[in-house]
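Only this structure's heavy atoms are used, side chains among them; waters, hydrogens and symmetry mates stay out. What you are looking at is a predicted structure, and each value in this text was computed from that prediction instead of being measured. Quick note on labels: first sequence line is chain A, next is B, and so on, each numbered from 1.
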There are 2 protein chains.
Amino acid sequence: MSIIAIVGAGMMGSAIGIPAAHNGHEVRLVGTPLDREIIDHARATGEHLTLKRRLPDSYRYYQFEEMQEALQGADLLVGGVSSFGVDWFCEQVLKVIDPALPVLTVTKGMMDDENGDLHVYPELFEKQSGCRGLRLNAVGGPCTSYELADLDDSEVTFCGRDIELLRWIKSLFETSYYHVSISNDVVGVEAAVAMKNAYALGVALAVGLAEKRDGKIGAIHYNSQAAIFGQASKEMKRLLDYMGAREESLMLGIGDLYVTVYGGRTRMIGKLLGRGYTFDDAMAELKGVTLESIVIATRSARAVQKKIEKGELKAEDFPLLRHIYEIIVEKKPVNVPWKAFEIESVG
Amino acid sequence: MSIIAIVGAGMMGSAIGIPAAHNGHEVRLVGTPLDREIIDHARATGEHLTLKRRLPDSYRYYQFEEMQEALQGADLLVGGVSSFGVDWFCEQVLKVIDPALPVLTVTKGMMDDENGDLHVYPELFEKQSGCRGLRLNAVGGPCTSYELADLDDSEVTFCGRDIELLRWIKSLFETSYYHVSISNDVVGVEAAVAMKNAYALGVALAVGLAEKRDGKIGAIHYNSQAAIFGQASKEMKRLLDYMGAREESLMLGIGDLYVTVYGGRTRMIGKLLGRGYTFDDAMAELKGVTLESIVIATRSARAVQKKIEKGELKAEDFPLLRHIYEIIVEKKPVNVPWKAFEIESVG
């Protein structure tokens, strides 16, 4: 039996311990200061407030001030914060742990810098926590927390630099329903699952455009979605190639794009945009909730726009992502550049 | 204005003339002997019986015995038959036309031979009509006939050997809603859009498995679908690489997979299988209708199985397609080989 301390009791942080608990490992769930109510509720009822599922009875719960107790004897630390919690996580957790303690993070996203370079979180975690030589690994892949909590078959990829360490982490989590590939293509895996956010928004535009044309919500049209899905796959491939990713990381991203097109609020924003809302109006519909997926989408789109302006990427290779940029950053109306998707393939 | 004669008045054959008619070209729709009622009905009402849509008023209709009249002065012949009509089409149409007349076919599929080699239709058309040096081209890509008839944005690829000819054919059909890429990767385009049938069945298994587990129809679970979608993308890439296809043809196939997962009876069969039906019982549910998509799926699966037995492909590269083979050919129950999807990516 191993001891797994999870810091961050959001939905994915809380759900990822389920397969490990089913494997007989001790899972200690530590809330951030924002998770106080979730921890209190789980202690009292065994249920997760926002995931709305019962967690395994063997879970132990800790408030953040009890983290050191939770880390006593821990074999693995899971970072369960969203990308909004990254600074906090580096400062309050990664800087204080024993650097020998292996870490697995569920945080998804990328940061862009003023040059348009994109940086994945394992790299940022390392720098921002003081380059302590941490043993950082991350989870990517198409896996919604609800469905994981329902024990649906899910396939993810754990990435990190050390394949032996990844094999061991996999052995903790692998179950009959939770399937784990491993990869040392950290940039490829993390970039693929981050950039799918922008492209899922793109596919969802087609849903909204069809609803607008039909004059009713819920209209089902797939040709236009499929055209954008295919274009998204092409552009993801180009950007991943540019970043030096391996091919299997692209395929992971394509699977993740599929699940994201159907999952939650990215789809809702895309649909509203397709129906004719401005970006600001669409965001206002969501009552001021800042969507992590939109923030991540913006970073990818902004970075590629910058690379195009600097002549390091070609505009004609990214018409869909550039339109996402126009919509989100330049607040332009939706006008899918279908003709720019056409190619002549001559060999 | 050009004259386009379409032979085969099924749904796609009839729908593909719509953008050309909108461009002002004369479209002559010729029924096969099986389309007699469709032609009579369209002549009388302007509507297509099975497509259940009004066709452009400028369409002209011909029964098969009037084909020669329809071919008078035609600039392009469109082959509108399904894969079940291929022998008839070669014998009755391709063998009798002027070989200088350019041809565009909508027929989808591949044939496998005793060696497990897969052959695309443009190649078969050429041989089976007597190697007359026909100017054959074909349409691939995610496009359902209903949505094309509704003028939804759709993106397809026209493939053939002669790029100049493809540019001209494209100019006939290209509209504000019908977007056309062109490619001389005939094998890649045709193989990609044929093999997606087997893989769409694979993704639909996950839908049925979730329904079975939940005990209700219509349960929405995407993690498992996405896992199979990602695996499908990997296997399609491997098979297309083996066949010498170009990368953009894979992306076309991925878009086509997306639309096929949601479209019609392939999904229905996959769902029934996932719910626990045997293959024969699932087919019986469809009241004896032979599904073209299942026939095509079987050919791809059988061919790859043969190549694996001959040691020309590796079994571990195609666990999903091999399971489709087990289900369809060996009549085994559904038992998705999730663990075989896992990889170690080490670079």
Apply the test salt bridge (charged side-chain N to carboxylate O under 4.0 Å, His left out) to residues Glu190(A) and Lys108(A): give CA-CA distance (whole Å), side-chain angles for both, the deciding distance (0.1 Å), then the verdict. CA-CA 7 Å; Glu190(A) 291 289 287; Lys108(A) 293 201 178 177; over 6 Å; no
Take Lys237(B) and Glu247(B) through the test salt bridge (charged side-chain N to carboxylate O under 4.0 Å, His left out) and record every step on the way to the result. CA-CA 8 Å; Lys237(B) 159 89 174 142; Glu247(B) 173 190 297; 5.7 Å; no
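For a residue to count as touching a neighbouring chain, one of its non-hydrogen atoms must lie under 4.5 Å from one of that chain's; by this rule Val189(A) does not touch chain B. Contacts of Ile182(A) with chain B are made by both backbone and side-chain atoms, with heavy-atom separations under 4.5 Å. Heavy-atom distances place no part of Val156(B) under 4.5 Å from chain A, backbone and side chain included. For Ile228(B), no part lies under 4.5 angstrom from a heavy atom of chain A. Both the backbone and the side chain of Asp150(A) have a heavy atom closer than 4.5 Å to some heavy atom of chain B.
Closest heavy-atom contact between Ala198(B) and Leu321(B): CB-CD1, 3.6 Å.
One distance of note links CE of Met251(A) with CE of Met236(B); it measures 9.0 Å at 0.5 Å rounding.
Between chain A and the options Cys143(B), Ser181(B), Gly255(B), Gly230(B), heavy-atom pairs under 4.5 Å are most frequent for Ser181(B). Note: Glu342(B) leads Glu342(B), Gln231(B), Glu155(B) in heavy-atom pairs under 4.5 Å with chain A. Chain B forms more heavy-atom pairs under 4.5 Å with one residue of Ile254(A), Val259(A), Asp256(A) than with any other, namely Val259(A). Chosen from Ser183(A), Gly188(A), Ala232(A), the residue pairing most often with chain B at heavy-atom distances under 4.5 Å is Ser183(A). The candidate from Leu252(A), Thr144(A), Ile163(A) with the greatest count of non-hydrogen atom pairs under 4.5 Å with chain B is Thr144(A). Ranked by heavy-atom pairs shorter than 4.5 Å toward chain A, the options Val203(B), Leu151(B), Leu148(B) are led by Leu151(B).
You'll find the ring centres of Tyr222(A) and Phe229(A) outside the 6.0 Å limit.
Val334(B) places a side-chain heavy atom less than 4.5 Å from the side chain of Leu209(B).
Residue Arg246(A) is tested with Asp241(A), Asn184(A), Asp185(A) for a side-chain hydrogen bond (donor to acceptor under 3.5 Å, both in side chains); the sole match is Asn184(A).
Between His221(B) and Asp153(A), the side chains place no donor N or O within less than 3.5 Å of an acceptor N or O (distance only, hydrogens not considered).
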